[in-house]
Structures are given as C-alpha cells and as structure tokens.
Amino acid sequence: MDDFNWQRMRRRTRNWFEQHQRSTLPWRDSQNPYYVWISEIMLQQTTVATVRSYFDRFIQAFPTVHDLARAEEAEVLKLWEGLGYYSRARNLLKAAQQLVAETDGCFPSSPEELQKLPGIGRYTAGAIASIAFDERAPIVEANTLRLYSRLLAYTGDPRSKQGQDQLWQFAEQVLPRKEIGNFNLAMMDIGSLVCKPTEPNCPECPLQTDCRAFAQQLQHEIPLKPVKPEFTYTVDAAVVLWHGQHLALRQYSTEERWAGLWDFPRFSLDAGLDKARIERENGHLGRLNTRITQQLLKAIEREFHARFDFPIQTAEIVTQMKHGVTRYRIQLICTEAKVADDSLPPDKNLTWVRPEELEKYPFSTTGRKLASLVQKRQKDRLLF
DNA sequence: AATGCGGGGTT
DNA sequence: AACCCAGCATT
C-alpha cells in the first residue's frame, strides 16, 4: 500500500479530469449541499442517465430543504415514481424535517454528523462532505470500488469486511490536500468512463502505470463478481375493480414492498393456482387459452374474497406484465372486475377513486402502467 | 455476513 | 437475457 506513487497519481488524475470530466450534469453546477445531497441520494444504485430527468423536476418542486421539509410524503413519492428504492424518498423527507428542526436547515459538514441523517451512509456522507464542503473525506462506491480494486490488484471479495477495509484505506491515502470534491469526482469519472466493468480502456487510462491489475493483466478478473442469486418465479394478480364509477385502490403499508405507494388490489396467485397442471396443459402462462383464462379468473375471484372479505365478479384479463424485483421474477395478470353485490360496504382497506384522480397518486411502476391503461380504455369507452 | 429493496439502461 | 448502477438499513 505504501509504495504507490501518490503524487504522480494525483497529478495525472487531476490532469485527466480537466480534459475528460463528465460535464453538463445539473448537480455539478454548484456546491449547494442541498443539491449535492438530493443528487447523491438519487444516484444510489441508479444510473446517471436515469437520474437526469428526475433531478431537475425535484429541485423545481422543492428548491430548498425548507420546502422539502414542508412537503407531504405522497408529494415526494410522486416525484420519485419509477425511480425505485422508495425508502430513499421517505428518508429524504425525514432528514429534511430533522435538519430544519435541529439546525434551521443547515447541513453539517463532517461525514460523522452527515451519517446520522437517515439514508446517508458512509459513501454518501463522504460525497457530500467532500463535494459540498471540501472536507478531506474518502469515498468508495461502484466506480471507485472497481477502480481501486484494480489499482490494488485486490483479488479477494471487495464487498467483504476485509475488502472494504482495504478499499477505504486506499480511498483515504490517495486523497490530495485540497479540492477533495473534484478529486473524488475525478476518480468516479475514471471508474465510470475508463475503468469500465467490461472492456476497461487501459490504453487511455491516466493511472495505467500505477495499476497493479494491469501490470499482471488481471483487469478482467478484478473485481471479483458476486455469485448471482437464484430467481423465484411467481404469479401475481392485480384487479381493476369497479364499484359504480369508482375504482378500488390500496396503499402499501410500511411492512410491505413499495411501502407508502398506491396500487390496484394486488396479491399472489401461487397458492390458488395449480401451476404444474397449467404448465403441463398450456406450456407456460404466456399464451392463455380460453380454459386457462377461466381458471385464472376463478382463482382471482377466490383469492380476492379470501383477502378482502367480499366477493367480486371478474370480466376479462386486460393485460399481462412481467417484472423483476430483487430475486423475484413476477408475472402479473391484470383483470377487470366489479363488486358482486353493489350494496356491499367498501372494504376499509380500500380507497375508492374516480379514474381521473388516478394520476394524483404515487404508484408502483406496474400500478402506474395499469392506471394509464385504465384511463386509455376509459377514453376509448371500453368500460367494464 | 446476508438479505431486502426497483427499475431501467447497457452490453 | 444477463449485467450493472455515485448504497443503505435491518437482521
């Protein structure tokens, strides 16, 4: 670790940054801690390309931490719709309220204090401290994890405790004395644009002569990839349920995935379906013949009654979607239905809204797609 | 140390 | 279709 040529690495990193840095990123225009914070939270496990379109909208809606602190959670989630990892949005609001209450909205500048805010971990604390306040704080995230693993020729698992210790130690050692924020940004850009996951562009790399992986031609083996998790395949149902002119919606509780978001009544069909028999007779659930469709509709009516405690009458399968979350691959069967007995009191877990109100609610991505479809069908007078 | 949490862009 | 992404919190 001690025999790196730190001075040379810093010089070459800075020179490269002047020539090749990713510019025109809206959050790079200032060192406003609020902007840095919002962008860093949005960028957690999320690509720059995806965040671009969300950042400006968010800042426009909540220009300062005070504006954010006053917001309703649903407003924040609405702006987060489609971005994923929604606890980020809920923590953002909590942290904003905490900051306003404790320091009148002023951000602490030290990583230790920043890390006390919900949603801010070691990386994000270091990023905000260095970028917004020029504190001498190290960072390790996806780009620098890859870059530093290769510079060190670290052949172990970089996500293990040992690996993390090595990488954070390197991240601290490599820091210059000033302009820490730009230096950290430079390292991330090198990791992102040059030291890429596949086909790292070693010939163009400013740190090639300092790279121990390159010296041993190990850049394709480092960093060690995590073993890929096995997928669990499940079938879910979503019901577009009409009660007169109103539709049933449900808000996910804090214990559920998509906590705080809204959706059409949705549940697993695995228990109510003889999947083995369906696959034997139908090949797979992708192409549904008439008989399988009837079987699905019956299963949905049965499962709905069991869960929400009143009967419905299904009409047809409106659409299907496939989507994945973490280690699940979900096939979602979307049906239209009406409450079987019109005099029945609405279930207290359900909220009844008019179709034109759908766009006000923050939905999960599949819920949003289904909501759009419902509105389109309504316009085309394809009402149930 | 393992696991849950999302969704879309890229290869 | 697999891979990857400016991680964090909980268990």
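Proteins get letters first, then strands, A, B, ... in listed order; numbering begins at 1 in each. Predicted, not measured: the structure shown is a model, and the values here were computed from it.
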Reckon A/P229 touches a base, only the sugar-phosphate, or nothing at all at heavy-atom distances under 4.0 Å? nothing

On DNA chain C, check which nucleotide each of A/Y123 and A/Q115 is closest to and give me the residue with the more 5' one. A/Y123

Using a cut-off of less than 4.0 Å, is there contact between a side-chain N or O of A/K225 and OP1 or OP2 of C/dC4? yes

Side-chain ion pair, A/R14 and A/E179, N-O less than 4.0 Å: no

Any side-chain N or O of A/T124 below 4.0 angstrom from OP1/OP2 of C/dC8? yes

Looking at A/K298 and A/E301, is there a salt bridge between them, counting it only when a charged N and a carboxylate O are closer than 4.0 Å? yes

Residues from residues 151-174 of chain A lying under 4.0 Å of DNA chain C - heavy atoms: none

If only side-chain N and O atoms count, and only distance matters, is there a donor-acceptor pair under 3.5 Å linking A/T254 with A/R90? no

Between A/F264 and A/F363, is the ring centroid distance below 6.0 Å? yes

Touch class at under 4.0 angstrom, heavy-atom based, for A/T144 against every strand present: nothing

Provide the full list of side chain to side chain donor-acceptor pair (under 3.5 Å) pairs with a residue in residues 53-66 of chain A, sequence neighbours left out, each pair given once. A/T64-A/D67

Is there a side-chain polar atom (N or O) of A/T326 under 4.0 Å from OP1 or OP2 of B/dG6? no

If you look at every strand shown and take non-hydrogen atoms under 4.0 Å, does A/L83 touch a base, only sugar-phosphate, or nothing? base

Checking A/T13 now: which residues fulfil side chain to side chain donor-acceptor pair (under 3.5 Å) with it, not counting sequence neighbours? none

